[in-house]
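The structure under discussion appears below in the form of structure tokens.
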Amino acid sequence: MFKKMNRRFFPLISGLLIMTLLQGCGLFGNKGTSSEKLNRRGEVTGVPKRSGWQQALPFEMAPVKAGTFWIGQADEDIALSMASMNKQVTISEFFMDKYEVSNNKYRQFLDAVRMGELALGTPTTQAEAPDFVLEELLPDTTVWSTSFTHHYGDPLMEYYFDHPAFDDYPVVGISWDQAKKFCEWKSYHMNANDESEFDMPKFRLPFEAEWEYAAKGGKEIAKYPWGGPYLKNRRGCLMANFKPGRGNYIDDGFAYTAPVDAFAPNGFGLYNMAGNVSEWVEDAYNPAANALIWDMNPTFKDTTETRKVVRGGSWKDVAHFLETSARNYEYQYVQTAHIGFRTAMTYIGRSGSMEVKSNKRSRR
């Protein structure tokens, strides 16, 4: 009897399942989602089926939340330069590299250009591949000898960029123009090799105000990235790689540069925002910039100005240049043994409510 009932109800059950499936495909009277129905009635509801998007945190970058702070000098202006006057400004959210760009990361850039493999797979970005000339991108390794008078820098000139012993050390001998090219490649490399539906914002050099805000580590006024006003912690250890005294480079543990993850990070999780190498930023240099810039996401741009701002002080600088407000410049085409860089990325989202949970991006 049970078998007979099965035979009797089986066609009915099968029919109901087929009807359900066909209705799910939009047949038998189902005319789509509510927004599609409204669109067919002449209402404006927006383009349908656009999935939500959340900006992911790229590898080895730190989120810097929006805030207001006093840009400018956090201590006495020893040089009486009047080039870092105080001004309260607001900075929107952005991402910033935890570390200065290392030799090995810059080498990946050169290898991609050398091999002509800017995209590892089928490009998923709509941007065209950038055009690079390898010879224009190479770091100047001779800076270890030419930057200093009567200095035996030959070992570093020979080994610093190429030898694996220095893979995790900051790249130097890089001009402002070359740093910009690295950002261009890094943007294409990311968007061409993932499967996300929309391109991520491009990598770039941080703006000067962003850099100073990030260096303060969440403090409104801070002389150094760790706060201040002292250069040593409670154990008597120096907090950065710099020149502690005349003729003394080694007391911080490193005669020249240090690995990019050396010393403790600041409140935003950023390493070596003071010392190690000075860092190129996006802005053109003007001693009166703080008086000229707007107070919301400020940046000073001048395409006719070849002087570009460098920040943070380096392994060869005295403590004054480590201050978060200390401003300096170099010509954009100059390559030295003490200037490197790190990259930044604009955060696209609701202002003041950054939510970064993972590095996984939405898929096609």
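Residues N276 and E100 bring a donor and an acceptor atom of their side chains to less than 3.5 Å of each other. Side-chain contact check for N241 and T257: no donor-acceptor pair (N or O, by modelled atom type) lies under 3.5 Å. Under the 3.5 Å distance criterion, with hydrogens and angles disregarded, no donor-acceptor pair is assigned to the side chains of S102 and D168.
No option in N104, L138, T141 other than T141 meets the side-chain contact (heavy atoms from CB on, under 4.5 Å) test with F161. The side-chain contact (heavy atoms from CB on, under 4.5 Å) test with K181 is passed by exactly one of V133, L137, V113, I174: L137. Partner of Y160 under the ring pair (Phe, Tyr, Trp, His ring centres under 6.0 Å) criterion, out of Y256, W144, Y106: W144 alone.
Considering all non-hydrogen atoms of both residues, N103 and V172 come closest at OD1-N, 4.5 Å. Between P58 and M345, the shortest heavy-atom distance links the atoms CG-CE, 3.9 Å. The shortest non-hydrogen separation linking A258 to A262 is CB-CB, 3.9 Å. When all heavy atoms of Y188 and A127 are compared, the pair lying nearest together is CE1-O, 3.5 Å. The two residues K216 and T324 make their nearest non-hydrogen contact at NZ-OG1, 3.0 Å. Closest heavy-atom contact between E282 and L205: OE1-CB, 3.7 Å.
Ring-plane geometry between Y99 and Y271 is classed as tilted, the angle between the planes lying from 30 to 60 degrees on a 0 to 90 degree scale. Using cut-offs of 30° and 60° on the angle between ring planes, the pair Y213 and F69 is tilted.
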For the pair C183 and K202, evaluate side-chain contact (heavy atoms from CB on, under 4.5 Å) and give the outcome as yes or no after the intermediate values. CA-CA 8 Å; C183 294; K202 293 181 180 180; over 6 Å; no

In sequence, state the C-alpha distance, the side-chain angles, and the governing distance for F268 and M96, and then conclude on side-chain contact (heavy atoms from CB on, under 4.5 Å). CA-CA 9 Å; F268 286 135; M96 195 169 190; over 6 Å; no

Could you go step by step and tell me if E93 and Q55 meet the side-chain contact (heavy atoms from CB on, under 4.5 Å) rule? CA-CA 12 Å; E93 304 90 337; Q55 186 169 342; over 6 Å; no

For side-chain contact (heavy atoms from CB on, under 4.5 Å), just list the numbers for F109 and H189, CA-CA rounded to whole Å, side-chain angles, deciding distance to a tenth of an Å, and then say yes or no. CA-CA 9 Å; F109 169 38; H189 176 75; over 6 Å; no

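The shortest side-chain heavy-atom distance between P298 and I91 falls under the 4.5 Å cut-off. In this structure, the side chains of W185 and F132 come closer than 4.5 Å at one or more pairs of heavy atoms. Annotation: side chain of S145 is in contact with side chain of D154 (closest heavy-atom distance under 4.5 Å). Under the 4.5 Å side-chain criterion, counting only non-hydrogen atoms from C-beta, E305 is not in contact with N286. The shortest side-chain heavy-atom distance between K105 and D97 does not fall under the 4.5 Å cut-off. Looking only at side-chain heavy atoms (C-beta outward), L134 and L110 come within less than 4.5 Å of each other.
Cluster annotation: Y230 and W226 are assigned to distinct hydrophobic clusters (Ile/Leu/Val/Met/Phe/Trp/Tyr, side-chain heavy-atom contacts under 4.5 Å, transitive). Criterion: ILVMFWY side-chain heavy atoms under 4.5 Å apart, direct or through other members. Under it, V281 and F94 are part of a common hydrophobic cluster.
Summarising the geometry, atom CD1 belonging to I293 is positioned 9.5 Å from atom CZ belonging to F300; distances are rounded to the nearest 0.5 Å. Distance CE/M296 to OG1/T68: 8.5 Å, rounded to 0.5 Å.
Panel note: side chain W280, backbone Q332; no donor-acceptor pair is recorded below 3.5 Å. Within the 3.5 Å criterion, the main-chain N or O of T299 finds no donor-acceptor partner in the side chain of D283.
The number of heavy-atom neighbours closer than 6.0 Å to CG of D131, taken from other residues, nucleotides and ligands shown, is 12 or below. Applying the 6.0 Å contact sphere to CZ of F148 captures more than 12 heavy atoms from other residues, nucleotides or ligands.
Judged by the 6.0 Å and 45° rule, R204 forms a cation-pi pair with F207.
A salt bridge is defined here as a Lys NZ or Arg NE, NH1 or NH2 lying under 4.0 Å from an Asp or Glu carboxylate O, and D177 with K180 fails to meet this definition.
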